Amino acid sequence: MKANEIILRGIPAAPGIKVGKTYLLGGEELAVNKRSIAEGEIPLEVSRFEDALIKTRKEILELQDKVSKGMGTEHAEIFDAHLLVLEDRMLIEEVISRVKKEKIAIDYAFSQVLKRYAEVFTKVEDEYLKERISDINDVGRRILRNLLGRKRKGLEELKDSVIVVAHDISPSDTAAMYHKNVIGFVTDIGGKTSHTAIMAKSLEIPAVVGLETATVQIKDDDTVVLDGNSGLVIVNPKQETLNKYERKQEKIEDLGKIFITLKDLVPVTLDGKQVELAANIELPQEIPSVKEHGVHGIGLYRTEFFYMNRKDLPTEEEQFQSYKYVAEEMKPYPVIIRTLDLGGDKFLSQPQIPRDMTPFLGWRAIRFCLARPDIFKTQLRAILRASKYGNLKIMYPMISGVEELKQAQALLEESKKELHAKKVAYKDDIDIGVMIEVPSAALTCDILSKEAKFFSIGTNDLIQYSLAVDRTNEKVAYLYEPLHPAVLRLIKNIIDAGHKAGIWVGMCGEMSSEPSFALLLLGLGLDEFSMPPSAVSKIKHIIRSVTTKQAEEIAYQALNLSEGKEVEKFTKEQLHKILPKFYPKA
Ligand code: PEP
Ligand code: MG
């Protein structure tokens, strides 16, 4: 009897659709039975342990090398933490001392110590230490496998193409995915900005994360449909579902063929109005993909990722080198560096930020930076220095009023003076922009426009703040409506105020990469659309298929509707009318 179809809903982490067989990762039990040993066997057990540590070290160094060559040194740095676990004297001595005291085999002693570590680490508050659990588990399993002489049921040996299902994907597993037959992955945990999501985007394979129970509900070798566009995983799909997805895939493939022909064309409407299409990036390693997709400019470089997976703060020099690299690679096109946006759902151990009751309304982004000028100015000096090497612009996140903007500007001036005193070159007239993502900023754009060269609308946050819907809470996700009349009115207000003041207005929130929304935004007069590089051709295709008048008419009618759902239906219908072959009826 055929198993029932199950639909699992998660968070879409990387776009694309794939149908394939699953491969459950990390599910193998490394259960170790207790075995007593004689006094005379102790030296042998200790040397087995040493051999396993050496072998594990060699494996990790090989992996690090592979990742470094394939994905860049920044991804490979994660393995430094793994190597540190291998050198942890406390852990090693505890294992040996248990072998000696309790006269037990080394593998059993090690598995017990590992378990205790995991229990202790699960309870700690510190984010950095919490992240270390996965490092310890990852390395621990490797050591145990080597101790037990077991070969890993690993991705390295895959022959067929699979969709990987895992509780979480460790950095070393991601390394093995590089150039392997992994066509997509799903995980129990993680969010849109988790390491796995970023990896999936840079590998350009679809992924759905945060499914909570994927590893329980999906078995090895199940057939699944992985829909990275809408965050769905369909287990044991019915023929009807397979047919539906086959049609969707065909459309994606047809579009793909068109997109290739668009790569070197400008984003211009049928009547000649040009807009800018730019990329959102998190890491400098994404630059090759940005170029491959023919994208001319970075509209949002999120710099928080500099601060992840490490104990210390990034230095000015380290940041300078990265910003310089991106500036030089993208020259003459613009690169907008968004200053540090910590807090909200991005908590790191360095710098230590205490958790607020409502983190998104708390000590976040520019608020944190203004309170910690030491950290903020280090970043500003690094950007200023790199500005000599290309077309860099600075953008401040979460500005809620002009006072904050003025304070940030004062710190920028101080940073310039500090560089000047040291005779370090920088571009004095670097453009300053403001992310408009707080309703108070959206409503006072006319005031802010006097102090800024551009605006970039951060709809991911603007929607959550204007509709009072936590963007990470799946229980209220149904209220998170990008096309809610309130959001549309705010967007219109921002664009109009910017234009009245003679400055350009862009959007770097996810909303700009949604085809029917983009049509509406074009009609509202948006000048720049910034999105993941792989989405750019899709939006370029739409822009090149309409006239300004058509888009303006759509925007006008949409603004007169009273519900978000109606607007969505209406814009989808309009897109269908314009490109019936590629976009279905709403
Ligand atoms: C936004 O809020 O729309 C945005 C682009 O910034 P982030 O998602 O990093 O908060
Ligand atoms: Mg934001």
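The structure presented is a predicted model; accordingly, all values stated were derived computationally and were not measured. Read the numbers this way: they start at 1 and go in the same order the structure lists the ligands and their atoms. We count residues from 1, following the sequence as given.
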Below 6.0 angstrom between ring centroids: does that apply to H576 and Y583?
->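 No, too far apart.
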Between F582 and H541, is the gap from one ring center to the other below 6.0 Å?
->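 Ring centroids of F582 and H541 are less than 6.0 Å from each other.
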Report, in ascending order of atom number, the atoms of ligand 1 lying under 4.0 Å from any heavy atom of [X].
{"X": "G458", "answer": "1 (C), 2 (O), 3 (O)"}
{"X": "C508", "answer": "5 (C)"}
{"X": "R471", "answer": "2 (O), 7 (P), 8 (O), 10 (O)"}
{"X": "R338", "answer": "6 (O), 7 (P), 9 (O)"}
{"X": "L300", "answer": "5 (C)"}

Measure from NZ or CZ of R385 to the centre of the six-membered ring of F320, then state whether that distance is under 6.0 Å and the direction lies within 45° of the axis.
-> yes
Using 2.8 Å as the cut-off, note every protein N, O or S atom close to the Mg ion (ligand 2).
->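 Per the 2.8 Å query on the Mg ion (ligand 2), atoms found are E437 OE1, D461 OD2.
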Counting heavy atoms only, name the option from V438, N280, I457, N460 that's nearest to atom 1 (C) of ligand 1.
->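 Checking each option, the heavy atom nearest atom 1 (C) of ligand 1 is found in N460.
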Under-4.0 Å heavy-atom contact with ligand 1, by part of [X] that carries it:
{"X": "R364", "value": "side chain"}
{"X": "M507", "value": "neither"}
{"X": "R302", "value": "side chain"}

Output, in order, the C-alpha distance, side-chain angles, deciding distance and verdict of salt bridge (Lys or Arg N to Asp or Glu O under 4.0 Å) for K565 and E568.
-> CA-CA 5 Å; K565 300 235 166 10; E568 184 162 359; over 6 Å; no
Any ion pair linking [Y] and [X] (charged N to carboxylate O, less than 4.0 Å)?
{"X": "K500", "Y": "D496", "result": "no"}
{"X": "K377", "Y": "E316", "result": "no"}
{"X": "K416", "Y": "E413", "result": "yes"}
{"X": "D341", "Y": "R338", "result": "yes"}

Name each donor-acceptor pair under 3.5 Å that joins a side chain in residues 513-529 to protein atoms two or more places apart or in another chain, with its distance.
residue	atom	partner	partner atom	Å
S513	OG	E510	O	2.9
D527	OD1	H499	NE2	3.4
D527	OD2	H499	NE2	2.7
D527	OD2	V505	N	2.8

Looking only at atom types and distance, does a side-chain atom of S512 sit under 3.5 Å from a main-chain N or O of S530, one as donor and one as acceptor?
-> yes
Check: E304 N/O within less than 3.5 Å of ligand 1 N/O |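 It does not: no N or O of E304 is found under 3.5 Å from an N or O of ligand 1.
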